[in-house]
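One structure is given here, and the rest of the page talks about it.
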Amino acid sequence: WPFADRKGELVAEIEAPSSDAILMASVAPGGSIMVSSGAGGALDWWDAQQHLWVAHSPSDPNSETGHGDDITQLAWTHDGSSAVSSSEDGTLIVWNALSRKAVRVLKGHEGSVTSFVISTSGSRRFILSASTDSTLRLWGGNNWNCLKVFRNTNSSFAHSKAVNCVVFSTLVDLSGTPLYALSGSDDWTIRSWHVTDFLDPNQADQAGQDEWTDDEGSSESEDEAPTK
């Protein structure tokens, strides 16, 4: 839809091979690739410049190579090399934009993932996700390991009900990495979190993916108080 030079006229209509309704779409930085989702967790990939459907990533009931339930959000890394999706199945998936394959399935949430934010423009890359299980999870490092779980442990620090949204503040360090995140919940609170304390890349590289994402064992550190 080139509003600037064509006055909003329709340029192309692209149809996917499936008959599912398109519920969500996100365009990569640079505008060359688009990914969309329908019901059930499947994804479709599009060439946004040539107006062509490219590929289909089917849903997966086991949430191993795709999502097993409806997708709740789509977003891209800063360089457009990867797309990230979240789902009601409690997972996030990092996708390779060229192969359209799942690079990493991030497991650990015990409820639907309602929202997430990505930071890859600074010196360290990470994802902060929110869930109906009342927690936030911080993922990072070369393997997108879970670095931190922000949960309520009979304290007044973390959320006590479903977390519906999460955003980064505009305050960044010298490398461009966001310093704080804000989350909103059904418990009627907005909480501010200092996230950079948990972004040691050595910690992420040393931690095994399964150990940090299946929420078993004692590898997760204790919850921190929100920044006031």
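Worth knowing before you read on, the calculation uses all heavy atoms, side chains too, and leaves out hydrogens, waters and symmetry mates.
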Q.
Please confirm whether the ring centroid of Phe116 lies under 6.0 Å from the ring centroid of Phe126.
A. no

Q) Are the aromatic ring centres of Phe150 and Trp193 under 6.0 angstrom apart? A) yes

Q: Identify the heavy atoms of Ser183 and Val163 that sit nearest to each other, and give their distance.
A: CB-CG1, 3.9 Å

Q: Write down the atom of Ile118, the atom of Val84, and the distance for their closest heavy-atom approach.
A: CD1-CG2, 3.6 Å

Q: List the atom of Ile22, the atom of Ser36, and the distance in Å for their closest heavy-atom pair.
A: CG2-CB, 3.8 Å

Q.
Let's go through Thr132 and Ser112 carefully: what are the C-alpha distance in whole Å and the side-chain angles of both, what is the deciding distance for side chain to side chain donor-acceptor pair (under 3.5 Å) to 0.1 Å, and is it a yes or a no?
A. CA-CA 6 Å; Thr132 57; Ser112 172; 5.1 Å; no

Q) Where do Thr135 and Asp133 come nearest, in terms of heavy atoms and distance? A) OG1-OD1, 2.7 Å

Q. Above 12 or not: heavy atoms from other molecules or residues under 6.0 Å from CD1 of Ile190?
A. no

(Q) Do Trp46 and Ile14 make a side-chain contact, defined as non-hydrogen atoms from C-beta onward lying under 4.5 Å apart? (A) yes

Q: Compare every heavy atom of His159 with every heavy atom of Ser185, then report the nearest pair and how far apart it is.
A: CB-ND1, 3.1 Å

Q) Atom CZ of Arg100 and atom CH2 of Trp45: how far apart are they, to the nearest 0.5 Å? A) 8.0 Å

Q. Under a 4.0 Å N-O cut-off, is there an ion pair linking Lys107 with Glu64?
A. yes

Q.
Do His67 and Thr91 have side chains that approach each other closer than 4.5 Å (heavy atoms only, starting at C-beta)?
A. yes

Q: Flag yes if Val117 and Leu138 sit in one hydrophobic cluster, no otherwise; membership is Ile, Leu, Val, Met, Phe, Trp, Tyr, and two members link when side-chain heavy atoms are under 4.5 Å apart.
A: yes

Q: Decide side chain to side chain contact (heavy atoms under 4.5 Å, CB included) for Met34 and Gln49; before the verdict, give the C-alpha distance in whole Å, the side-chain angles of both, and the deciding distance to 0.1 Å.
A: CA-CA 9 Å; Met34 181 176 72; Gln49 295 180 335; over 6 Å; no

Q: Could you tell me which non-hydrogen atom of Gly68 sits nearest to which non-hydrogen atom of Ser63, and how far apart they are?
A: N-OG, 3.6 Å

